[in-house]
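Read the structure below first, then the notes.
The chains referred to below are lettered A, B, ... by the order of the sequence lines, with proteins before strands, and numbering in each begins at 1.
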Amino acid sequence: MSVLSEMLHNLVSRPVTILYPKEKVPVPQGFRGRVAVIDEKCIGCSMCSLVCPSHAVTMVPDQREVEFKGKKLVRKKRPQIEVFKCIRCALCERHCPADAIYMKNELSSSGTDREAVVT
Amino acid sequence: MTDTPLIIVYIFLFPGFLFLLAYAMLFEFLDRRIAARMQHRVGPPLFQPFADFVKMLGKEVIDPQGVDRPVFDAAPVIALAAVMTAFLYIPVVSASPLAFQGDLVLVLYLMALPTIILFVMGWLSRNIYSAIGGIRTVTQMFIYEVPFFLALLTPALMAGTWSISEIVSWQQDHLWFMVLQPIGFVVALIGLQAKLERTPFDIPEAETELVAGPWTELTGRRLALMHLASDVSCVTGCALIAALFLGGPTIPWTIAPVWLGWICGFFLFLAKTLVVLLILSSVKVATGRIRIDQLNTIGWKYIASAALVQVAVVLVMNSIRVGA
Amino acid sequence: MPEVIVPIGPQHPALKEPVNFRVIADGEKIVRLELDISYTHRGIEKAAEQRTFIRALPLLERVCGICSHSHSTAFAKGVEELMQLTIPPRAQYIRTIIGELERMHSHLLWLGVAAHEIGFNTLFMWTWRDREAVQDTLEEMSGNRVHYGMNEVGGVRRDLTPSQVNAALQRLPNLEERITKYVDMVQNQETMLLRFRGIGKLTKEEVLKYGAVGPTARASGVDYDIRMDDPYLVYADVPWNVVTDTSGDVYGRTRVRIGELAESLKIVRSCLEHLPEGPIRVNPPKTAPKGEILSRYEAPRGELVHFIRTNGTDRVERVDIRTPTLANWTSVAACLVNQNLADIPVIVAAIDPCLSCTSRITIVDKGDGNTGIVTWDELRRRSRLRDRRQEGA
Amino acid sequence: MTSPLTLDFVMETMKGSGTAEQVRSNRIRITTTPKRVRDAITTSRELLACERLITISAADNGRTLELIYHLTGPHRTVISIAAELPRDAPEIPTVSDILPPAGIYERQIHDLFGIVFAGHPDLKRIILGEDWPEHEYPLRKDWKPGPDTFYGGIREERI
């Protein structure tokens, strides 16, 4: 009769459902949420666009003075990521030599514009 | 108490239709809330059944191809009407003014009507799932109907009358029938659970095999009315069992002023029907659905024989009491 | 009662899986069964041939939602073996931990779905509530609840910090107590016994004849478990044993799965406690030498097989994936004959179908009686026709 | 019969149907010709106690189509029987009567590679959609999607 005892125990205890809008679900530290690019660090090597499995990253021409491993160099292009094509596998974060692209642990990445782009 | 304006008020307002509909929706809310809390969930808000009802009324009504529209529209209304009239004969405040010798049989007949209508709806909607669902409704009805009637007729046998109100007043002088006829009480509960097609016995509406059984092709207005009919039959069933086995709106000693008696009678009625509902929904939560042939063996082997034993016991007790 | 064709099709609430059964039933008894399993064919094997190893792994992970780690581990360990590459012990331990956690959450999910099949929704709610503990652990470790993306050719992509390890270890005792509660709940819950015992019975010979795999086979006493037969990762030096049962019916499969839950919990605990130090990956060579390998992995549903063939480039020449569900279909079709109509969902759910195979929708059209595929325009034409008839009538 | 099989024992029992080599600790691969595949499987089922078919893998190595039958038994060694088929008319007798699970695998390979399994009870289409054109085998190396042929999905006129 463990089913009955479990039922009575549940009847008196607080239900576990998290009422989403009021109480938020705790997002753990390394969660792979929305992708983000740190513009100062990016050296425009387009490694992320090569590695991206869903071709979400396109390189956009953009001239900028950047400092990489002590040396100064001028980069010619910068990644532009289509948010709703990105499958959040964080391969770009793994293979980026300059750690310029990373996954924020921001949970909700919904939106209305299908071609929304993160630069 | 028998002049017509009061009767009209009795039928339409207080313990009649308006109260019944509100109480049915409250019942469905309580049932879903208790079941949810036992499953460690939150459960729906108070006005969920009312909101469902209004939304469903507004939805588009889709007729399956080649269906007989007038009958398909009329069936839910008949089911609802049958069950609501059955409620009038069950004493709510004290003895019901419309009581007459034999209203127990009428109530039982009216309670059986929705099941048959569900079969008709299943058969009419020309869809393989609802056809099989309809057949299952009827086969299930043959199984639980006989023990259910036996269990509900034994109190009448012992009290010597066929009117529910008189049975209730008989119980006021003697013990409750739950104490006198425990087996009958259990069989009646099982029969009610099967009649309302709730989880251990919701074989016709088996969600995982037959989509929704006879309910498959019901949409919009029809679904709203049929759903309301099943809620109201749940209230009527619980009230019937509360009246026959738990002494209805009375307690063994009478209260002096009449109007105070009515009020506490009403609250007693509410309390007792809620107790029956609590039992039914905990049974619903605690068990899974059994198959139609398993129900057949259990139904005829155990439940029917228990009902027969109960009848025999009552007959013996009657003969001793009459003899002594 | 003439023979009735009941299409238990893809859009059926019983099976949340894209499989279509055309069941020919005589009354309640099933006479014959036509199986149609090709709904979500995405051509993954052809796509994998055009991708380098780095980009092939996320693709192969998405073959199946519940056992995604199994597919990526099977592929990664096959390619590593072809490259004669041994990955550091810490990476092997992390892969085993994630694999066993995936097995736990998959079995808990299955237990809930099986209870739901027979209408016992309470157990469904409870098991899925307890599954959240496993999902939270996985989310902390890998950053995502479903596709963990832990694997990479040459090791693992993320390390387990001590805080994650302790958090996981703290959740295990409560989970263990819940699993023991489920064990005795399944044994003496009346309606579950009624609906599970003696249904879809498979004897030992039938299991071998029909090639059933995983818990479906182990429930009939066939003790094939790839973790024991062909040990990979760290299963050789972690104490655990194969769970088998002799009753061979749905009830036996339920007990095997709950037993495996307890075993997986033991494996996860011992792996977490003896997690060795050291690097978590090795830099793999650019290309894999010419060769072929049959990489076998024990997925939650059974034996998963990746036949990988490489030809010296940085791409795979051929990946032939045989999912455990594909192997179990023949045994399901066999043991469904002359069972009850009401038992179809129970028996089919018993092999825990996780469909990465494909099928097509067949519409039995009463009007002109033909069955076939309805194209998009035809569907539009029909709905317009119906509307006009509606206004006209 | 639960001790792993040794190479020479397998070589001796299967000498009639081709060469065997030890690919890995518990993998033995036997290459034979399509005609002798069927009796290679029957002998391995009787003499080598290979009671279970793991899977049938198919691959296209440019020149010929290869079929590999993987079998295993209580000895936990995987016996792989490989056969090469010509590209133009690949034909091989079916084994679905000896090993029932082969029925589904053979139908799948027939869909994707076009290998005809003679004697298969119903070689219907199982894995590709019904509106996939006939005689187009996607997993062959030389298959390219035709520009105007329709491969299933939503049939919308490009207006």
Side-chain angles (χ1 to χ4, degrees), chain A residues 1-36 53-54 56 81-94 102-118, chain B residues 26-49 51-52 178 182 185-186 189-190 192-194 196 198-202 208 234 238 270-291 294-295 298 302:
Chain A
M1 274 307 118
S2 62
V3 176
L4 281 183
S5 62
E6 171 91 17
M7 272 160 41
L8 292 180
H9 164 68
N10 286 347
L11 201 60
V12 291
S13 61
R14 215 182 77 79
V16 286
T17 15
I18 296 174
L19 303 169
Y20 177 66
K22 288 192 277 294
E23 309 150 6
K24 280 274 191 285
V25 180
V27 174
Q29 199 36 30
F31 180 78
R32 289 183 264 138
R34 186 179 276 248
V35 71
S54 59
I81 304 119
E82 288 178 61
V83 175
F84 296 113
K85 254 179 138 182
C86 162
I87 55 171
R88 309 209 318 255
C89 61
L91 268 177
C92 46
E93 179 182 352
R94 159 80 179 78
Y102 68 103
M103 291 266 163
K104 289 190 289 202
N105 61 3
E106 194 186 291
L107 182 63
S108 60
S109 62
S110 53
T112 51
D113 166 15
R114 194 184 289 240
E115 280 82 26
V117 162
V118 164
Chain B
L26 178 76
F27 244 52
E28 188 196 341
F29 159 72
L30 279 177
D31 173 31
R32 283 170 64 175
R33 178 74 116 184
I34 293 166
R37 279 297 157 83
M38 285 189 194
Q39 293 173 354
H40 225 174
R41 299 184 280 121
V42 176
L46 177 63
F47 291 103
Q48 186 65 38
D52 289 348
M178 187 178 74
F185 181 56
V186 168
L189 277 177
I190 295 172
L192 183 61
Q193 187 83 342
L196 302 174
R198 290 156 66 92
T199 294
F201 308 101
D202 67 347
T208 48
C234 176
C238 292
L270 290 185
K272 286 175 185 166
T273 40
L274 288 180
V275 160
V276 175
L277 177 75
L278 186 70
I279 299 169
L280 288 188
S281 52
S282 55
V283 165
K284 167 176 131 170
V285 168
T287 55
R289 180 184 318 120
I290 56 175
R291 262 204 327 258
Q294 286 161 346
L295 176 66
I298 295 169
Y302 305 115

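- Scored by the ring pair (Phe, Tyr, Trp, His ring centres under 6.0 Å) test, Phe201(B) finds no partners at all (sequence neighbours excluded).
- With a 4.5 angstrom heavy-atom cutoff, Leu8(A) does not touch chain B via any of its atoms.
- Of residues 276-286 of chain B, those residues with a non-hydrogen atom less than 4.5 Å from any non-hydrogen atom of chain A are, in numerical order, Ser282(B), Val285(B), Ala286(B).
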Side chains of residues 41-49 of chain B: which donor-acceptor pairs under 3.5 Å do they make with residues two or more places apart or in other chains?
unit_1, atom_1, unit_2, atom_2, d
Arg41(B), NE, Gln39(B), OE1, 3.0
Arg41(B), NH2, Gln39(B), OE1, 2.8
Gln48(B), NE2, Asp52(B), OD1, 2.9

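- Within the structure, the salt bridge (charged side-chain N to carboxylate O under 4.0 Å, His left out) test picks out no pair touching residues 13-22 of chain A (sequence neighbours left out).
- Surrounding CD of Glu23(A) are more than 12 heavy atoms belonging to other residues, nucleotides or ligands, all under 6.0 Å away.
- What you find for Leu11(A) and Arg37(B) is that their closest heavy atoms are CD1-CB, 3.7 Å.
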